[in-house]
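This report concerns only the one structure given below.
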Number of protein chains: 2
Amino acid sequence: MATAALDTHELIALSLLAEGPLYGYAISQRARSRSSGDVTLTPGVLYPLLKRLEKGGLILGEWDEVKSERAAGDAPGRRRKWYRLTPRGAKRLHAQAEAHRAHARMVEAFLTAPEGSA
Amino acid sequence: MATAALDTHELIALSLLAEGPLYGYAISQRARSRSSGDVTLTPGVLYPLLKRLEKGGLILGEWDEVKSERAAGDAPGRRRKWYRLTPRGAKRLHAQAEAHRAHARMVEAFLTAPEGSA
DNA sequence: ACAGATATGTTGACATCCGATATATTGACA
DNA sequence: TGTCAATATATCGGATGTCAACATATCTGT
């Protein structure tokens with residue numbers, strides 16, 4: 001532990017992907033709605049994060065081409081990159097979850113300090 | 001909230017100072033012992049932190065000259081800077097404590113995700 | 001005299017956060 | 001048809017915090 005934060009953003013992203021594959025924008029939307037607006041994964045945070053996670057082998061991305069109904073046949077279409085949790089990512093999620101709880105307990109111990117403990 | 005970490009180090013330092021005045025080194029020792037070795041406030045973290053807190057008016061520092069028994073009369077002696085919480089610091093402590101709990105609850109909500117919630 | 005604990009600080013490398021900027025597609029509405 | 005908001009991805013640069021390492025000096029025990 002030693003320090004602290006443990007990357008809340010990472011933990012949130014991994015936990016959302018644990019429920020099934022999602023693309024970046026969907027992750028940010030779910031993070032926002034599930035936290036009642038408290039968590040905002042801006043592009044500047046989200047995409048570097050996903051890149052890190054993929055590079056670390058915790059998630060796996062796959063491009064998808066979404067075709068619109070009224071688009072031309074050879075039009076590029078909107079790109080989506082779907083991510084899914086790897087076994088290693090799932091393992092990390094559980095480890096980080098436990099670390100987060102341990103961290104919360106640790107801080108709580110300082111806050112509820114029994115007056116006479118050095 | 002939006003982001004996360006909320007400066008655990010700050011919260012720990014403030015909580016320790018809420019129990020009474022302490023100098024830097026004592027803070028690091030207490031942080032270590034109370035967390036059973038998990039929290040290590042290295043000089044590179046501790047002193048910039050104390051500087052920030054003092055600059056922000058959350059704590060107030062006062063130098064103390066400790067004289068040793070076998071030192072010469074005009075010897076400089078060991079310096080200690082005692083810090084105490086200001087009213088503003090106490091207010092911040094409570095706010096940060098509440099923020100920390102809210103943050104922990106928020107993360108926990110992601111971890112204990114009720115399968116069928118978008 | 002020496003080593004280890006006490007005590008405070010700075011420095012530089014590294015990572016993350018976050019607002020701003022950029023590009024392109026899609027859907028809705030006028 | 002034009003335009004605007006939402007969708008969808010991504011990068012950039014400034015600011016901040018972390019941390020090991022370096023630096024200095026005093027005190028205590030042997």
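Just so we're on the same page: letters track the sequence lines, and every chain starts at 1. Nothing here was measured: the structure is a model prediction, and the numbers come from that model.
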In this structure, how many angstroms lie between the [atom2] atom of [N] and the [atom1] atom of [X], rounded?
X	N	atom1	atom2	result
B:L46	D:dC22	CG	P	20 Å
B:Y25	D:dT24	OH	C1'	15 Å
B:Q29	C:dG4	CD	P	17 Å
B:R52	C:dG9	CZ	P	14 Å
A:L22	D:dT7	CG	P	15 Å
B:L11	D:dG17	CG	P	15 Å
A:L49	C:dA15	CG	P	15 Å
A:D64	C:dT26	CG	P	12 Å

When you look at A:R105 and B:E108, which way does the salt bridge (charged side-chain N to carboxylate O under 4.0 Å, His left out) test go after all the steps?
-> CA-CA 13 Å; A:R105 281 193 302 271; B:E108 202 59 39; over 6 Å; no
5'-most by nearest nucleotide on DNA chain D - A:R80 or B:R79 = A:R80
Looking at every strand, decide which applies to B:G44 at a 4.0 Å heavy-atom threshold: base, sugar-phosphate, or nothing.
->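 The answer is base, as B:G44 lies within the cut-off (heavy atoms under 4.0 Å) of a base atom.
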NA contact type, B:W63, heavy-atom cut-off 4.0 Å: base, sugar-phosphate, or nothing?
->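 Since only primed, P, OP1 and OP2 atoms lie under 4.0 Å of B:W63, the category is sugar-phosphate.
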Side-chain N,O (B:Y47) to OP1/OP2 (C:dT10) below 4.0 Å |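 No, because none of the side-chain N or O atoms of B:Y47 sits under 4.0 Å from OP1 or OP2 of C:dT10.
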side-chain N/O A:H9 vs C:dC17 OP1/OP2, d < 4.0 Å =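 True: A:H9 side-chain N/O within range (under 4.0 Å) of C:dC17 OP1/OP2.
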Between D:dA10, D:dT18, D:dA8, spot the one nearest the side chain of A:R78, thanks.
-> D:dA8
Please tell me which of the listed nucleotides, D:dT11, C:dT6, C:dT8, lies nearest to the side chain of A:K51?
-> D:dT11
Checking B:L50, B:L58, B:L53, B:L22 against B:Y83 for side-chain contact (heavy atoms from CB on, under 4.5 Å), the one that qualifies is B:L50
Apply the test side-chain contact (heavy atoms from CB on, under 4.5 Å) to residues B:L16 and B:L14: give CA-CA distance (whole Å), side-chain angles for both, the deciding distance (0.1 Å), then the verdict.
-> CA-CA 5 Å; B:L16 288 173; B:L14 291 178; over 6 Å; no
A:P43 vs A:V66, nearer the 5' end of DNA chain C by closest nucleotide = A:P43
Closest-nucleotide 5' rank along DNA chain C - winner of A:T42 and B:K81 =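 Upstream on the strand: B:K81.
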After noting the C-alpha distance and the side-chain angles of A:K81 and A:E62, does the key distance pass the side-chain contact (heavy atoms from CB on, under 4.5 Å) rule?
-> CA-CA 5 Å; A:K81 194 171 184 183; A:E62 198 178 351; 6.0 Å; no
Is a side-chain N or O of A:R92 found less than 3.5 angstrom from the main chain of A:L11, in a donor-acceptor match?
-> no
